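Beneath this line is the structure, given in structure tokens, with notes to follow.
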Amino acid sequence: MSNLAIVIGVSDYDDQETLLACKNDAQIIYSILSESKKFDNILKIDGYVKGRDIKSKISEFVRNHENQKIEEIFFYFSGHGTRINDDFWYVLSDFDNNNIHTTALSNDELDEILKSLNPTLTVKVVDACFAGTEYIKSSYNISNIFDKSLQEKNFEKVYFLFSSTRNETSIAFRDISLFTKSFVTAVFSFEKSSIRYQDLVNFITDDLSSPKVNQNPYFVTQANQTEIFIDVNNIDIPSIKNEFPYFIDSTEAISVTDSVESSLIERVREANKNYCSKDEATLILNNLDIITNNFEFSKELNELFDINVIHSNDLNKVPDKQKIAKWLNDENDDYFIRLNFSRKEKERFVDAIGAITGTGAKEKYYADVLSSYDSTYLDCNNVTVVTLVPKLEFLPRYDMFITYVVSKNKVTVFSKFEKYKDLSWDHNTLESKNSWWVNTKFFKPDEALYTFFKSLLSTLDREIVIDIEGLIE
């Protein structure tokens with residue numbers, strides 16, 4: 001029986017943020033799989049990967065093995081991802097909001113392709129960052145999608161390893177992504193022995209459990225927990241570390257640091273390069289306003305709506321501000337904000353038995369309840385509202401909302417769209433139903449932030465077009 005592997009690392013994008021680490025991610029995974037001598041054939045695709053090309057290559061690879069008995073198919077992906085409706089999509093280099101099916105690969109389509117091989121064991125390792133997006137509140141998150149994948153496709157045995165539980169921004173360093181680094185470190189830690197897939201799961205769970213990491217991997221297991229990933233005896237670990245020097249052991253790192261006699265002052269100055277002065281941050285944030293003002297919305301929106309862009313510092317224009325405040329409170333990060341609390345009257349049962357049974361005497365008490373937040377940095381706009389007033393009676397009004405909070409080195413953007421319910425021809429009311437999307441980006445390099453912001457506007461545009469299509473259906 002054959003063991004097959006598909007390894008994909010998409011690092012270059014036309015309209016998305018470049019992910020330099022992803023090509024390295026794919027290369028080191030490929031090196032490990034190749035040296036393990038377990039896999040009979042490995043398809044590696046990395047760098048600039050167009051949608052049509054990747055689907056053609058994966059399909060050809062599968063066709064070449066469709067008459068064989070497949071023991072295991074191992075699939076690895078590093079790059080941008082996004083959730084659209086009830087599916088996860090692997091975002092490819094030429095990704096286009098208006099041509100999703102040809103410029104991205106859906107998890108559902110991938111499952112169908114893999115399932116056609118009828119493998120005994122199916123493994124998917126996905127290190128994706130949702131194109132930088134997470135949701136404050138999502139009724140259909142990654143766990144739903146991959147649980148659905150497991151239930152509907154009837155795979156015999158599976159291990160799904162996903163880099164984040166929620167729609168989080170998976171962390172990528174310059175050379176390698178955090179989840180992939182944890183995966184590889186787990187393999188190296190089993191030197192001179194075999195490593196099970198469950199060992200990988202256990203190691204990564206422990207490794208990424210630090211609250212400082214803020215990345216919560218998600219795993220789906222339907223197997224015996226005895227399945228072997230590889231025999232690490234076959235891997236030349238020193239050679240791989242030499243090829244990928246960011247896997248230097250901590251003891252080695254100390255000696256390197258000592259040898260160059262890096263002083264505290266030099267290290268502080270190096271760390272400071274990732275931080276912004278007030279003037280630098282103000283310039284970058286003002287440029288985000290300019291990007292919005294100059295953004296070319298889709299033909300559909302331009303022809304169906306009168307579009308106006310309004311910038312301000314007025315957080316009262318932001319719906320569901322309390323949900324953002326809760327997110328900020330949970331993050332407990334160094335943002336330039338002030339949380340506001342209000343004193344509310346509440347009731348509670350006098351004794352524990354009443355609390356359990358739901359009966360008995362109650363007493364009133366007062367508690368401080370989180371109510372909202374204010375920005376303490378007001379030197380530039382932090383709220384953008386894009387109003388879409390319909391030209392045709394069939395359509396409702398839509399608004400796009402974008403607001404952000406900043407620290408000295410990063411900006412977190414909250415965004416969503418909402419539509420209005422018509423009360424008459426002349427009056428309507430905002431229906432606040434959608435979840436906030438949350439994107440955290442560093443100020444530097446600023447070009448990466450600008451690329452992301454253009455992509456965000458495209459996503460909001462696309463989501464409104466999809467909503468309109470739903471109205472017609």
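Note that this is a predicted model, so its numbers are computed, not measured.
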Next item on the list: Could you give me the CA-CA distance, side-chain angles and deciding distance for Phe88 and Phe162, then say whether ring pair (Phe, Tyr, Trp, His ring centres under 6.0 Å) is met?
Entry: CA-CA 11 Å; Phe88 174 80; Phe162 201 90; 5.3 Å; yes
Margin query: Applying salt bridge (charged side-chain N to carboxylate O under 4.0 Å, His left out) to Lys364 and Glu345, what does each step give before you reach the verdict?
Written below: CA-CA 7 Å; Lys364 292 183 179 180; Glu345 182 181 283; 3.6 Å; yes
Notebook entry, point to check: Does the pair Trp89 and Phe95 meet the rule for a ring pair (Phe, Tyr, Trp, His ring centres under 6.0 Å), with working shown?
Noted result: CA-CA 11 Å; Trp89 294 72; Phe95 180 71; 8.4 Å; no
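For Pro319, the side chain to side chain contact (heavy atoms under 4.5 Å, CB included) partners two or more places apart in sequence, or in a different chain, are Phe401, Lys416, Leu430, Ser432, Trp436. Evaluation of the ring pair (Phe, Tyr, Trp, His ring centres under 6.0 Å) rule for Tyr373 yields no partner, not counting sequence neighbours. Tyr420 pairs by the ring pair (Phe, Tyr, Trp, His ring centres under 6.0 Å) definition with nothing, not counting sequence neighbours. Annotation: side-chain hydrogen bond (donor to acceptor under 3.5 Å, both in side chains) contacts of Asp306 (sequence neighbours excluded): none. Phe77 meets the ring pair (Phe, Tyr, Trp, His ring centres under 6.0 Å) test with Tyr90; sequence neighbours excluded. For Lys23, the side chain to side chain contact (heavy atoms under 4.5 Å, CB included) test picks out Ser11, Asp46, with sequence neighbours left out. In this structure, the side-chain hydrogen bond (donor to acceptor under 3.5 Å, both in side chains) partners of Asp14, at least two apart in sequence or on a different chain, are Tyr48. With sequence neighbours excluded, no residue forms a side-chain hydrogen bond (donor to acceptor under 3.5 Å, both in side chains) with Asn294. Not counting sequence neighbours, the partners of Phe61 by the ring pair (Phe, Tyr, Trp, His ring centres under 6.0 Å) test are His65.
Here the closest heavy-atom approach between residue Leu33 and residue Ala5 is recorded as CD1-CB, 3.8 Å.
Using modelled atom types, no side-chain atom of Glu109 and backbone atom of His101 make a donor-acceptor pair closer than 3.5 Å. The main-chain N or O of Leu457 is never found under 3.5 Å from a side-chain atom of Asp461 such that the two would form a donor-acceptor pair.
Crowding of Tyr365 atom OH: a count of heavy atoms from other residues, nucleotides or ligands under 6.0 Å exceeding 12. Within a 6.0 Å sphere centred on CD of Glu296, heavy atoms belonging to other residues, nucleotides or ligands number 12 at most. The 12-atom threshold is exceeded at NZ of Lys44, counting heavy atoms of other residues, nucleotides or ligands nearer than 6.0 Å. The 12-atom threshold is not exceeded at CD1 of Ile265, counting heavy atoms of other residues, nucleotides or ligands nearer than 6.0 Å.
Exactly one of Phe229, Tyr76, Phe203, Tyr159 qualifies for a ring pair (Phe, Tyr, Trp, His ring centres under 6.0 Å) with Phe183. That residue is Phe229. Considering Lys344, Arg343, Lys346 as possible partners of Asp368, the one that fulfils the salt bridge (Lys or Arg N to Asp or Glu O under 4.0 Å) test is Arg343. Of the candidates Glu300, Glu469, Met400, Met400 is the only one forming a side chain to side chain contact (heavy atoms under 4.5 Å, CB included) with Ile464.
Residue pairs meeting the salt bridge (Lys or Arg N to Asp or Glu O under 4.0 Å) criterion with at least one partner in residues 373-382, sequence neighbours excluded, are Lys278-Asp379, Arg338-Asp374. Contacts classified as ring-ring contact (aromatic ring centres under 6.0 Å, His included) and involving residues 376-395 (residues at least two apart or in different chains) are not found.
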Under 3.5 Å, sequence neighbours excluded: what are the donor-acceptor pairs made by side chains of residues 443-452?
residue: Lys444; atom: NZ; partner: Lys273; partner atom: O; Å: 3.4
residue: Lys444; atom: NZ; partner: Tyr275; partner atom: O; Å: 2.8
residue: Tyr450; atom: OH; partner: Asn287; partner atom: ND2; Å: 2.8
residue: Thr451; atom: OG1; partner: Glu447; partner atom: O; Å: 3.0

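Judged by a 6.0 Å distance limit and a 45° cone about the ring axis, Lys124 is positioned over the six-membered ring of Phe160.
A salt bridge does not link Arg52 with Asp94: every distance from a Lys NZ or Arg NE/NH1/NH2 to an Asp or Glu carboxylate oxygen is 4.0 Å or more. Using a cut-off of 4.0 Å between Lys/Arg side-chain N and Asp/Glu carboxylate O, Lys433 and Glu418 are scored as not salt-bridged. Note on Lys326 versus Asp320: no salt bridge recorded, every NZ/NE/NH1/NH2 to OD/OE distance being 4.0 Å or above.
Side-chain contact of Thr103 with Asp96: a donor-acceptor pair under 3.5 Å is absent, judged by distance alone. Ser93 and Asp12 share no donor-acceptor pair across their side chains, judged by distance under 3.5 Å alone.
Note that CG of Leu304 is 6.0 Å distant from CG of Leu392, once rounded to the nearest 0.5 Å. With rounding to the nearest 0.5 angstrom, the OG atom of Ser371 is 5.0 Å from the CG atom of Asn340.
Taking the side chain as every heavy atom from C-beta outward, Phe453 and Thr292 approach each other to under 4.5 Å. For the pair Val405/Asn382, no side-chain contact is recorded, criterion being any heavy-atom separation below 4.5 Å from C-beta on.
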